[in-house]
Amino acid sequence: MTDDAVPAQQRMHHYDESLTRLILDYVQERLSLPETPLDHPGDKRTVDELLAGLITREGTDPAKVIALYDEHLSKTVLSADSPRYFAFIPAAPTKASLLFDMVVSAASLQGISWLEAAGAVGAENQALRWIADAAGLPASAGGAFVSGGSAGNLSALVVARDTARRRLVERDGDQARYRRLRFAVSDQAHSSVKNTLSIIDCDPFVVRTADHRFTGEALRAALEADPDPETVVAVVATSGTTNAGIVDDLRGIGEVARERGMWFHVDGAYGGAGLFAPSVRPLYDGIELADSMIVDPHKWLFAPYDCAALLYREPWLAKRVHTQDASYLDAIHHDDGSYEWNPTDYAYHLTRRARGLPLWFSLVVNGTRAYEDAIEHSISLAHQVAADIEAADHLELVRDPSLSVVMFRRKGWGPDDYQAWCDRLLADQTAFITSTTWEGETVGRFAFIHPNTTIEMAREVLAATA
Ligand SMILES: *Cc1c(COP(=O)(O)O)cnc(C)c1O
C-alpha cells in the first residue's frame, strides 16, 4: 500500500490499481455465480476470533482481508438472494441494479437536494413516477426513496399526524394540540407500524379482522361503536401482509377514510410490487385513494438493499412537516419558482444515498415487461406449490396462497418438528425456510421472490417433510 511518492495524508485517497482489481475481481466472481450459495449462521465466538486484532496502526494487506472475508466471514452470512431462500422476505436484486449500485458508491452522490444532484434526483423521480402510475396516483404525487419500509411508514405517519393535528387546531383552537390521536390499524399490521405509533406517541385503534383481511366494513363498524371516533385521524392498510400475503380491502378502507377526512396510508413494503402483475392487479383496486404509500424495491422489485419508495398524494403536506431549516441549508431552498425537488424534504432524513438509482437503471435497461414477468413467476410458483401440498396426504394448506406466500401444515407436527426440519434443510443447503405462527399454531411458510427459484427446489423442501 505504501508509495513513497504520495504524501502521507493522501495515501488512502491515491488510486491503487491492484486494490481496484482485487475488489472488481471479487465482485465479478460473485455476480457470475449461477446460484448464490445459502451459507450458514455464524456463532459469536467464531466471528470474534476471525476479527480479533484486525484493526492495526499500519493497516493490513487487502488481499489477506478479502481472503478472510471471502473464505470465512461471508460464509456466516445467509444469502437472501439465493433462489433457495424462502424465509422472511427474500431478495433478488437484478445484475444491472447491483452493478449500478457500485456506480452510485463510486460517485459519492449526495442525494439530499436538487441543487446537489439534479440528474440523480430526476432519475429517481422517474422511477417513483413508474410506481405512482401503477397505483393510479395523480400527477401531483411524489416523494423519495428511503432506507426501508420502516423508515417509509414512520415518515408518512408523521405527516398524517401533523396534518390532522393542524386541522384540529385550526378548528378547535390551541388546546386541540394536546388531544391524543389514534390510528386505525388491523391486528395484522406490520410491526414497524406499531413501532411508528410508539415513536410518534399516537395510540393504535385496533380493528379486528375476519380471516385476517382488513375491510372498510370492519373499519366503519369499529368507528361507529367508538365514543370518540374523531380522534381516529388516520388508517393504515396493508397491500400484502408479510406473514400471509393478504391484500386488505383498499377501496373500502379508502372510502371510509375519505368520508371521515382520515389520512389513508397503504403499506405495500412487500406486496406493493404486485401492482405490476396483471394477474393480481385487481386486488389493489382503491390504492389510488391513498394519501401516502410505500413499496420496498429491495423486496420484490429486485433492487439491492436498502431501498424503499415513499409516495405522497400531496407532497407539499410532507414538505411542510419534514423540511429541515438550518441557515447552512438556505442555499438548497429557493422560492423563486424554479424547479426544485429536494428528496430530503419528504422524510425524516437529511443526508441520503441516491438509493433509487440502482432500481432506475435496471428498470431503464431491462424494460418494465421484465419486471412483470419476474413478479408473475413467483405468484405462479406459489400456486404450483399449493397444488403439490393439496395433493400430498400428510400436508395441508393453511389458506389459499396470496401473492407469493404459501402457508402449510405438516399433519402431526409440533414446533420442534418444524424447527428440526428447517435446521436440516439449512445444514445440507437445500433451503433456508422458517416456520411461522398462524392463529397460534406453528406452520410452514414459503415466501417466493427469486425468479430463479424452480418448482424442483420447492419440491425438495416438501419432500423433506415426508
Ligand atoms: C418488510 C415490511 C416492512 C418493513 O420494511 P423494512 O424495509 O424491513 O424496514 C413494513 N411493512 C411490511 C408489510 C413489510 O413487509
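The figures here come from the full heavy-atom set of this structure, side chains too, leaving out hydrogens, waters and symmetry mates. Here the structure is a predicted model, which is why all the values come from computation and not from measurement. Numbers here are sequence positions counted from 1. When a ligand or atom number is given, it counts from 1 through the structure's own listing order.
Taking any N or O of G149, backbone or side chain, at least one lies under 3.5 Å from an N or O belonging to ligand 1. Of the N or O atoms in D296, one or more lie within a sub-3.5 Å distance of an N or O in ligand 1. On a distance-only criterion, T238 and ligand 1 share no N/O pair closer than 3.5 Å.
A donor and an acceptor atom, one from each side chain of S279 and E376, are located under 3.5 Å apart.
Ligand 1 lies nowhere less than 4.0 angstrom from a heavy atom belonging to I89.
Atoms of ligand 1 lying under 4.0 Å from at least one heavy atom of T242, given by number and element, are 12 (C), 13 (C), 14 (C), 15 (O). Near Y270, the atoms of ligand 1 lying under 4.0 angstrom from a non-hydrogen atom of the residue are 15 (O). When each atom of ligand 1 is checked for a heavy atom of H298 under 4.0 Å away, the hits are 7 (O). Remark: ligand 1 atoms within the under-4.0 Å shell around heavy atoms of D267 are 10 (C), 11 (N), 12 (C), 13 (C). Atom numbering of ligand 1 starts at 1 in the shown order; those under 4.0 Å from a heavy atom of K299 are 1 (C), 2 (C), 3 (C), 4 (C), 5 (O), 14 (C), 15 (O). Annotation for ligand 1: atoms under 4.0 Å from non-hydrogen atoms of S150 are 4 (C), 5 (O), 6 (P), 9 (O). Contact atoms of ligand 1 toward G148: 7 (O), 9 (O) (distance under 4.0 Å to a heavy atom of the residue).
Panel note: side chain T465, backbone L462; a donor-acceptor pair is recorded below 3.5 Å. E124 contributes no side-chain N or O that, together with a main-chain N or O of G122, makes up a donor-acceptor pair within less than 3.5 Å. A donor-acceptor pair under 3.5 Å is absent between the side-chain atoms of R445 and the main chain of T436, judged by distance alone. The backbone N or O of E441 lies less than 3.5 Å from no partner atom in the side chain of T437, so there is not a single donor-acceptor pair. Under the 3.5 Å distance criterion, the side-chain polar atoms of N366 are matched with a main-chain donor or acceptor of S362. Using modelled atom types, no side-chain atom of D296 and backbone atom of H298 make a donor-acceptor pair closer than 3.5 Å.
When non-hydrogen atoms are compared, ligand 1 lies under 4.0 Å from the side chain of S192 (C-beta onward) but not from its backbone.
Each of R179, R161, R180 was evaluated against D201; a single residue qualifies, R180, per the salt bridge (Lys or Arg N to Asp or Glu O under 4.0 Å) test.
With hydrogens left out, the protein atom closest to atom 3 (C) of ligand 1 is H190 CE1, 3.2 Å, a heavy atom.
Below 30°, between 30° and 60°, or above 60°: for F361 and F100 the angle between ring planes is below 30°, a parallel geometry.
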